[in-house]
Amino acid sequence: MKERMSRWTKIILALSLVVSLLSGCGSGSSKITYPLESVSRNGNSTSYVYRAAGQTVPAVAEQLADQRRPEQTSVEDPDRMFLVYNNELIQVQRDPAKPEDTLIEVDSQQYVQQNYSSSFLQGYLTASILQSLFGGGSYGGYGGYGGGTYRGYTSQSTYPPKTQYNKPSTQDMKQAPPLTVDKSGSIFKRGSSSSSKRSGYGSDVTNRGSPSSGTINRGGSSSNKSGGFFSSGNSAPKSSFGSGKIRKRGRR
């Protein structure tokens, strides 16, 4: 009798261990927390900078876009990307002082209007988005200038903002707690830089491409392949069809 009870006890313990392991690894979903590193604030004009250690710019941009869908995302770039939200601009930048890390800059609309040059942002965002950020009912409404020459936290020594950055205070930490995003089953590590180029003025960046090394891809059509999760606009070789034969374009 005692031997039978001992055997059942061992079986129950083994099953409990297996269940606990499966519950911990089943979904592969977890949270990533990015700490607040620097703050520039003047009333409603605010800029908060977070650090994503060991993350690439495209991977962090994808995480943020999955967490909250932006109105527009700039084309994939290994050094700098933009995500536009209602009354907010997020600039994801590679840290030149620590290239394996990425910095996440969250700017209020007031901060964008007072510090950025719209002519700089034209290389990344569409005209309609710039109108929304800078105000004005037409392209000339923001004059192509904005309120300053600022280009981002990593370029502040050359293009300084009107209000300097400081280490976050206790009050800052309360107003802007650490940024937390979901990570589902993947580990993002910085790999080799891609050859992706910045978007042209008014370019469409809503298409997703096929998977590539170092980034997460949402499903896209097989005809829109690119170096990352945005379409690069490259078309596949054209073919024409005859009776029973396929003729491919030859080399020039």
Side-chain angles (χ1 to χ4, degrees), residues 24-39 46-108 112 121 124-125 129 152-154 168 173 175-199 204-220 224-232:
C25 304
S27 62
S29 179
S30 61
K31 298 283 186 180
I32 306 176
T33 299
Y34 300 135
L36 181 64
E37 180 162 303
S38 193
V39 175
T46 59
S47 177
Y48 299 102
V49 179
Y50 301 83
R51 178 171 296 276
Q55 305 275 349
T56 66
V57 168
V60 172
E62 179 74 355
Q63 292 170 11
L64 295 171
D66 285 342
Q67 187 86 350
R68 184 160 58 108
R69 184 176 180 181
E71 295 180 12
Q72 186 185 359
T73 305
S74 65
V75 74
E76 181 183 338
D77 187 275
D79 295 316
R80 191 191 305 267
M81 292 180 65
F82 291 88
L83 292 84
V84 182
Y85 297 91
N86 185 29
N87 298 323
E88 189 173 82
L89 176 69
I90 295 181
Q91 184 178 170
V92 186
Q93 312 155 63
R94 186 174 185 177
D95 185 0
K98 199 173 182 181
E100 67 273 16
D101 289 359
T102 291
L103 298 174
I104 307 167
E105 179 180 339
V106 182
D107 300 324
S108 66
V112 173
L121 293 175
Y124 298 90
L125 304 173
I129 290 295
Y153 183 77
T154 58
M173 300 293 285
Q175 293 185 358
L179 184 64
T180 302
V181 298
D182 290 318
K183 183 191 76 171
S184 300
S186 296
I187 298 176
F188 303 100
K189 295 183 179 179
R190 186 172 297 284
S192 58
S193 61
S194 68
S195 58
S196 301
K197 299 180 180 179
R198 295 190 309 172
S199 65
D204 182 7
V205 294
T206 58
N207 295 329
R208 300 284 180 177
S210 61
S212 68
S213 176
T215 60
I216 285 185
N217 296 268
R218 295 180 186 174
N224 292 329
K225 296 183 179 180
S226 70
F229 53 87
F230 296 104
S231 173
S232 64

task: With sequence neighbours left out, write down each residue that passes side-chain contact (heavy atoms from CB on, under 4.5 Å) with Ser38, or none if nothing qualifies.
output: Val49, Tyr153, Tyr165
message: Which residues pass the side-chain contact (heavy atoms from CB on, under 4.5 Å) test with Asp79, not counting sequence neighbours?
response: Asp77, Arg94
[atom1] of [X] to [atom2] of [Y]: how many Å apart, nearest 0.5 Å?
X: Leu36; Y: Thr33; atom1: CG; atom2: OG1; value: 12.5 Å
X: Gln55; Y: Ile32; atom1: CD; atom2: CD1; value: 5.0 Å
X: Met81; Y: Ile90; atom1: CE; atom2: CD1; value: 11.5 Å
X: Arg51; Y: Leu103; atom1: CZ; atom2: CG; value: 5.0 Å
X: Glu71; Y: Leu125; atom1: CD; atom2: CG; value: 11.0 Å
X: Thr56; Y: Glu76; atom1: OG1; atom2: CD; value: 8.0 Å

State, to 0.1 Å, how close [X] and [Y] come at their nearest heavy-atom pair, and which atoms those are.
X: Glu37; Y: Pro168; result: O-CD, 3.2 Å
X: Asp107; Y: Ser47; result: OD1-OG, 2.6 Å
X: Pro78; Y: Pro58; result: CA-CD, 4.3 Å
X: Ala52; Y: Val60; result: CB-CG2, 3.8 Å
X: Tyr85; Y: Leu64; result: OH-O, 3.4 Å

message: Could you check whether any side-chain N or O of Asp182 sits under 3.5 Å from a backbone N or O of Lys31, counting only pairs where one atom can act as donor and the other as acceptor?
response: no
query: Residues in ring pair (Phe, Tyr, Trp, His ring centres under 6.0 Å) with Tyr50, at least two apart?
result: none
Ring pair (Phe, Tyr, Trp, His ring centres under 6.0 Å) involving Phe82 - partner list, sequence neighbours excluded: Tyr124
query: Tell me the ring-ring contact (aromatic ring centres under 6.0 Å, His included) pairs involving residues 52-71, sequence neighbours left out?
result: none
- request: Using side chain to side chain contact (heavy atoms under 4.5 Å, CB included) as the criterion, point out the one residue from Val106, Leu83, Val112 that pairs with Leu89.
  value: Val112
- prompt: With the threshold set at 4.0 Å, does a side-chain nitrogen-carboxylate oxygen contact exist between Lys98 and Asp95?
  reply: no
Residue list, side chain to side chain donor-acceptor pair (under 3.5 Å) with Ser108, at least two apart or on another chain: none
field: Thr154 vs Arg80 side-chain heavy atoms within contact, under 4.5 Å
entry: yes
query: Does anything in residues 82-92 pair up under salt bridge (charged side-chain N to carboxylate O under 4.0 Å, His left out), and if so which pairs, sequence neighbours excluded?
result: Arg68-Glu88
